[in-house]
Amino acid sequence: MAAEAQLPDHFKCPISLQIMSDPVILSSGHTFDRSSIQRWLDAGHRTCPITKLPLPAHSSLIPNHALRSLISNYAPINPQQHHHPQTLISSLTSLSSPLPSKLDALHHLTRLSHSDSLFRRRLFNSPALVPALLTCLQHISADLRHRALSLLLHLSLDDDAKVGLVAEGLLSPLITLLLSAAPSDCRALSATLLTSLAVLHVNKATIGAFPGSIHALVTLLRDGKGRERKEAATALYALCSFPDNRRRAVECSAVPVLLRSADSGLERSVEVIGVLAKCKEGREHMERFRGCVQILTRVLRNGSSRGVQYALMALYSLCCHSEETVVEALRNGVLDICQGLVEDDNAKVKRNSSCLVQLLRGNTHRLS
């Protein structure tokens, strides 16, 4: 603690007053530890904790890589940095090890695995580590679960580990956490970890087929808070690039949840809608949802370039298979909007809008 007290004040988060492990810059220009500022935002605050000035509706957190590097290179910050990894792992596996020791061990293992990819791979190959982390995920301490998730997320950066973690049985405790009353940041981090695992094609199939996985993400998207919902939608997007998972998501009533989320401003949901519109079951559920075309039209008018791209994708798929959707799109002014998007700088927006313009122009007689 004496060594920590010698650290420069700007290494410490203004909210927690602890040394920052993941410093991020808020739109106000001030830096905070990610977990602390995320809790502030998830609690509904829409002002900067320091300036008290209003924040944008969708405030982004930009990693402060320069400060993170300074902190990690500052000698006094990690007095146990020369501890052998096995000593730290033993702190996790020992029944007599107190909670503070387990938390400290996870902290140092995560720091080391973040800064050294070779160490990270060696760490994953330690036979006792992953079982110990899975046990931590079931612990009553929310802090222990959160730190275990953080380390697992770092380990999952390597493809071999992505496969290995699924094989070791990570999916079951992850899904349990998604559906639990755990703190918001634990559930959000669980969804982030699923996204990381789903980068590999083989894992998309395994996760999608695992009982309750997609249902848990849909439930989190429906009932969660800001960051939880965004991470759940991101995980669904990653999983639904695998065709079989689109049908599974539709069967879990994902379409109405996604459309309501999109209508409330969560643009990541529009990306999943664009993917689900590729399958017959997804289109059928969208056609049955009252207001689907209006929601997608609002995204065309007000969304980001990526949101517009996927809204166009969904509308084109729907219009190709439904005359009723064509008429509804024309009545909502989609043709005029698309004609304005044909010259967009984004090549995908330009291509998708051109296709939709051609389709709608050939059906304008249906309005009469």
Would you say Thr325 and Ser322 are linked by a side-chain donor-acceptor pair, where the criterion is simply a distance under 3.5 Å? yes

Just checking, any donor-acceptor pair under 3.5 angstrom between side chains of His108 and Arg111? no

Can you check side-chain contact (heavy atoms from CB on, under 4.5 Å) on Asn346 and Val308, steps first, answer last? CA-CA 10 Å; Asn346 184 310; Val308 169; over 6 Å; no

Which heavy atom of Cys240 sits nearest a heavy atom of Asn245, and at what distance? SG-O, 3.9 Å

For the residue pair Ser97 and Leu92, establish whether any side-chain heavy-atom pair is separated by less than 4.5 Å. no

Donor-acceptor pair, distance only, cut-off 3.5 Å: does the side chain of Thr206 make one with the backbone of Asn203? no

Ile140 atom CD1: more than 12 heavy-atom contacts under 6.0 Å: no

With a 6.0 Å cut-off (strictly less than), is the heavy-atom count around NZ of Lys225, excluding the residue itself, greater than 12? no

Looking only at atom types and distance, does a side-chain atom of Arg145 sit under 3.5 Å from a main-chain N or O of Cys136, one as donor and one as acceptor? no

For Leu312 and Ser353, which heavy atoms make the closest approach, and how far apart are they? CD1-N, 3.8 Å

Can you find a heavy atom in the side chain of Leu177 that is under 4.5 Å from one in the side chain of Leu149? yes

For residues Arg147 and Asp104, report the shortest heavy-atom separation together with the two atoms involved. NH1-N, 4.3 Å

Take Thr51 and His30, measure what side-chain contact (heavy atoms from CB on, under 4.5 Å) needs, and give me the verdict at the end. CA-CA 9 Å; Thr51 66; His30 291 277; 3.4 Å; yes

Check whether Phe210 and Ile214 end up in the same hydrophobic cluster, where Ile, Leu, Val, Met, Phe, Trp and Tyr are linked by side-chain heavy atoms less than 4.5 Å apart. yes

Could you tell me the separation between the CG atom of Asn332 and the CZ atom of Arg301, rounded to the nearest 0.5 Å? 7.0 Å

I'd like to know if the side chain of Ser126 and the backbone of Ala128 have a donor-acceptor N/O pair within less than 3.5 Å. no

Side chains of Phe11 and Met20: closer than 4.5 Å at any heavy-atom pair? no

Please tell me if the side chains of Phe124 and Arg121 come closer than 4.5 Å, counting only heavy atoms from C-beta onward. no

Counting neighbours of NZ on Lys230 that are heavy atoms of other residues, nucleotides or ligands and sit closer than 6.0 Å, is the number greater than 12? no

Straight-line distance of Leu26 CG to Ile62 CD1, nearest 0.5 Å: 9.0 Å

In Å and rounded to the nearest 0.5 Å, what is the CG to CG distance from Leu112 to Leu88? 7.5 Å

Between Asp22 and Ser35, is any pair of side-chain heavy atoms under 4.5 Å apart? no

Would you check, one step at a time, whether the test side-chain contact (heavy atoms from CB on, under 4.5 Å) holds for Val24 with Asn64? CA-CA 5 Å; Val24 292; Asn64 191 334; 6.0 Å; no

Beyond-backbone contact of Leu134 with Leu170, side-chain heavy atoms, under 4.5 angstrom: yes

Return the minimal non-hydrogen interatomic distance between Val270 and Gly307, and the atom names on each side. CG1-O, 3.7 Å

Here the gap from Glu168 atom CD to Leu133 atom CG, rounded to the nearest 0.5 Å, amounts to 10.0 Å

Whether Ser172 side chain and Gly169 backbone form a donor-acceptor pair below 3.5 Å: no

Backbone N/O of Ile207 and side chain of Ser213: donor-acceptor pair under 3.5 Å: yes

Using the rule given for salt bridge (charged side-chain N to carboxylate O under 4.0 Å, His left out), can you reason through Arg247 versus Glu281, listing the C-alpha separation, both sets of side-chain angles and the distance that settles it, and then say yes or no? CA-CA 6 Å; Arg247 175 183 49 78; Glu281 297 86 351; 5.4 Å; no

Linking I/L/V/M/F/W/Y whenever any side-chain heavy atoms sit under 4.5 Å apart, do Leu239 and Phe242 land together? no

When you check the gap from the basic side-chain N to the acidic O, do Asp185 and Arg227 get nearer than 4.0 Å? no

Please check if the number of heavy atoms outside Glu324 that lie under 6.0 Å from its CD is greater than 12. no

Hydrophobic cluster membership, Phe289 vs Met313, 4.5 Å side-chain cutoff: yes

Heavy-atom closest contact (Ala148 atom, Leu106 atom, distance): N-CD1, 3.8 Å

Would you say that Leu153 contacts Ser156 through its side chain, given a criterion of any heavy-atom pair below 4.5 Å between the two side chains? yes

Is there a path from Ile37 to Ile25 through hydrophobic residues (I, L, V, M, F, W, Y) whose side chains come within less than 4.5 Å of each other? no

Short question: side chain of Arg187, backbone of Ala182 - any donor-acceptor pair under 3.5 Å? yes

Given side chains that start at C-beta, do those of Pro23 and Arg34 come closer than 4.5 Å, heavy atoms only? no

Between Glu231 and Thr195, is any side-chain donor less than 3.5 angstrom from a side-chain acceptor? no

Just by distance, do the side chain of Lys348 and the backbone of Gln309 share a donor-acceptor pair under 3.5 Å? no

dist Arg229:CZ -> Leu258:CG (nearest 0.5 Å) comes out at 10.0 Å

side-chain contact (heavy atoms from CB on, under 4.5 Å) for Ser269 and Leu259? Distances and angles first, verdict last. CA-CA 7 Å; Ser269 295; Leu259 285 168; over 6 Å; no

Exercise: do Lys278 and Ser317 side chains pair donor with acceptor under 3.5 Å: no

Common cluster, Val342/Leu335, ILVMFWY with side-chain heavy-atom separation under 4.5 Å: yes

Strictly distance-based, threshold 3.5 Å: is any side-chain N or O of Lys162 a donor or acceptor partner for the main-chain N or O of Ser196? yes

Could you tell me if Arg306 sits above the aromatic ring of Tyr237, with its cationic atom closer than 6.0 Å to the ring centre and no more than 45 degrees from the axis? yes

More than 12 heavy atoms from other groups under 6.0 Å of CZ on Arg290: no

If you round to the nearest 0.5 Å, how far is NE2 of His154 from CG of Leu152? 11.0 Å

Where does the angle between the aromatic ring planes of Trp40 and His45 fall among parallel (under 30°), tilted (30 to 60°) and perpendicular (over 60°)? parallel

Any side-chain to backbone donor/acceptor pair from Glu267 onto Ser304? Under 3.5 Å, distance only. yes

Give a yes or no on whether a salt bridge exists between Glu271 and Arg268, defined as a side-chain N under 4.0 angstrom from a carboxylate O. yes

Is it the case that the side chain of Arg283 and the backbone of Ala277 share a donor-acceptor pair, with hydrogens and angles ignored and the cut-off at 3.5 Å? yes

Considering all heavy atoms, the nearest Ile175-Ala216 contact: CG2-CB, 3.9 Å

Please indicate whether Arg122 has more than 12 foreign heavy atoms, meaning atoms of other residues, nucleotides or ligands, lying under 6.0 Å from its CZ. no

Return yes when atom CG of Asp160 has more than 12 non-hydrogen atoms of other residues, nucleotides or ligands closer than 6.0 Å, and no otherwise. no

